[in-house]
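Counting starts at 1 for both ligands and their atoms, following the listed order. What's counted below: heavy atoms across the whole structure, side chains too, no hydrogens, waters or symmetry copies.
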Amino acid sequence: MTVQVIQVDPIHPDPEYIRPAARALRQGKLVAFPTETVYGLGADALNRSAVARIFEAKGRPSYDPLIVHLAGAAWLERAAAVVPPLALRLAEAFWPGPLTLILAKRPEIPDLVTSGLDTVAVRVPDHPVALALLEAADVLVAAPSANRFGRTSPTRASHVLADLEGRIDVLVDGGETRIGIESTVLDLSGPRPTILRPGGVTREQLLEVLGDVAVRAVHSAGGPQSSPGTLRKHYSPRAVLYYFTEPEREKALAGMRQLIEEAVQSGKRVGLLILEEDRPVFDDLPVVTASLGSARNLWQAARRLYAGMRSLDEQQVDVIFVRDLGTDGPGLALRDRLQRAASKLIP
Ligand code: TXA
Ligand code: MG
């Protein structure tokens, strides 16, 4: 299968270029497209065989449920059995945007989409290309991130091709994604709103609307009750990733430097995911770096994280070193992804 790549302007996508991609979705084909978070691999959510092909293309286990993408909050009734007032308030505050809500599902949503759960994940992506595609197709679009299972999510069309060329029908190339990490998954199906996966909408932002929100800790269980988000090893580069969890900067940097020196001495090719402020500490060492931008703006780090891992992999490093960046704003989501990407957590 050769993939049809369609280049579109990310801000003003030409409807003429969106139309063939929308038609492909309606015909049950697999269409990768940009969202504000990462690229998604979309299929008509009500078409079982199309959805089955998503799992096949990604090599994704069927116990890992998919997010259903909507063109607007007005589509909520097409996917959710009940739309609680709280969901509407959150939709008002954060949609279109990187917030996924878990709600009771309508019976029409296939079990394959929800891994047999009686809930469905829904969100309205904040990207002109994704919205134009959803509106033109006029179908609910189930879309996980457009990467092979277990790997980092794609933030550029080239990442999608690297993972899925030959396995998908259409790739809509709308350039680099703006947020770079996945949406926040918020469970509204229980008594207390709970963040299942931190992401593009921060805990602080949710607190402003909700007053109270729980955060589910990373754990290692599998099976239909736990999101892949909860699989310990996920979102991984190929290289061995050493994640320094020490919160104090000076201590973390000293520990990193020591292990990097040892790795270099033992002949390893070393990669660093690094904040600009930390760079001088490693200036004299033979390391390959990928910048996470400035410590003053962790949104930059979020945008660059996955592309940085991919670029270090391409430069064939054996090991990657990175340190914890706190829990403020996008820091919580970054910590979550690093915990899962890591082969080794260094205290
Ligand atoms: O930003 C994003 O969310 C991207 C873009 C493409 O929208 N999508 C994405 O999808 O990251 P995926 O499949 O890689 O991650 C979906 C997450 C998983 O953690 C999954 O377990 C959770 O959503 N999820 C889906 N349905 C669920 C449900 N019914 N209950 C609990 N978690 C659910
Ligand atoms: Mg994913």
Engineer: To the nearest 0.5 Å, what is the distance between NE2 (His69) and CG (Leu133)?
Structural biologist: 10.5 Å
Engineer: Arg304 and Ser291: side-chain donor and acceptor closer than 3.5 Å?
Structural biologist: yes
Engineer: Have Thr100 and Ser183 got a donor and an acceptor in their side chains that come within less than 3.5 Å?
Structural biologist: yes
Engineer: How does Leu196 reach ligand 1, by side chain, by backbone, by both or by neither, if only non-hydrogen atoms under 4.0 Å count?
Structural biologist: side chain
Engineer: Does at least one non-hydrogen atom of Thr114 fall below 4.0 angstrom from an atom of ligand 1?
Structural biologist: no
Engineer: By number and element, which atoms of ligand 1 are closer than 4.0 Å to a non-hydrogen atom of Ala121?
Structural biologist: 25 (C), 26 (N), 27 (C)
Engineer: Could you tell me if Arg303 and Thr177 have a donor-acceptor pair between their side chains, going purely by distance under 3.5 Å?
Structural biologist: no
Engineer: Just verifying a value: how many Å separate Leu164 CG and Lys58 NZ, rounded to the nearest 0.5 Å?
Structural biologist: 7.5 Å
Engineer: Is there a salt bridge (Lys or Arg N to Asp or Glu O under 4.0 Å) between Arg340 and Asp336? Walk through the geometry before answering.
Structural biologist: CA-CA 6 Å; Arg340 294 211 185 91; Asp336 172 83; 2.5 Å; yes
Engineer: Report yes if Thr100 has an N/O atom closer than 3.5 Å to an N/O atom of ligand 1; otherwise report no.
Structural biologist: no
Engineer: Between the candidates Thr184, Val185, Thr177, Val124, which shows the shortest non-hydrogen contact distance to atom 23 (O) of ligand 1?
Structural biologist: Val185
Engineer: Would you say Ser145 reaches the Mg ion (ligand 2) with an N/O/S atom under 2.8 Å?
Structural biologist: yes
Engineer: Within the 4.0 Å heavy-atom shell around Pro144, which atoms of ligand 1 are there?
Structural biologist: 10 (O), 12 (P), 13 (O)
Engineer: Is the contact between Glu36 and ligand 1 made by the side chain, the backbone, both, or neither, using heavy atoms and a 4.0 Å cut-off?
Structural biologist: neither
Engineer: So, do Leu298 and Asp328 sit near enough that their side-chain heavy atoms are less than 4.5 Å apart?
Structural biologist: no
Engineer: Which of the atoms in ligand 1, numbered in the order shown and given with their element, are less than 4.0 Å from a heavy-atom of Ile102?
Structural biologist: 27 (C), 28 (C), 30 (N), 31 (C), 32 (N), 33 (C)
Engineer: Has ligand 1 got any nitrogen or oxygen that is less than 3.5 angstrom from a nitrogen or oxygen of Arg197?
Structural biologist: yes
Engineer: For His69, which part has a heavy atom under 4.0 Å from ligand 1: side chain, backbone, both, or neither?
Structural biologist: side chain
Engineer: Of all the atoms in ligand 1, which lie at a distance below 4.0 Å from a heavy atom belonging to Gly40?
Structural biologist: 6 (C)
Engineer: Could you grab the distance from atom CG of Leu46 to atom CG of Leu140, nearest 0.5 Å is fine?
Structural biologist: 5.0 Å
Engineer: What class does the angle between the rings of Phe321 and Tyr242 fall in, given that below 30° is parallel, 30 to 60° is tilted and above 60° is perpendicular?
Structural biologist: parallel
Engineer: Among Pro125, Pro65, Ser145, whose heavy atom sits nearest atom 9 (C) of ligand 1?
Structural biologist: Ser145
Engineer: Could you list the atoms of ligand 1 found under 4.0 angstrom from a heavy atom of Thr37?
Structural biologist: 1 (O), 2 (C), 4 (C), 5 (C)
Engineer: So if I count the atoms of ligand 1 from 1 in the order they appear, which ones are less than 4.0 Å from some heavy atom of Leu117?
Structural biologist: 28 (C), 29 (N), 30 (N)
Engineer: With respect to Arg203, which candidate in Thr184, Thr327, Leu210, Val215 satisfies the side-chain contact (heavy atoms from CB on, under 4.5 Å) definition?
Structural biologist: Val215
Engineer: Below a 4.0 angstrom heavy-atom separation, can you tell me which part of Glu182, side chain or backbone, both or neither, approaches ligand 1?
Structural biologist: both
Engineer: Going by the side-chain contact (heavy atoms from CB on, under 4.5 Å) test, name the single residue among Val319, Val322, Leu312 that passes it with Leu241.
Structural biologist: Val322
Engineer: Is Arg60 close enough to touch ligand 1? Criterion: a residue heavy atom under 4.0 Å from a ligand atom.
Structural biologist: yes
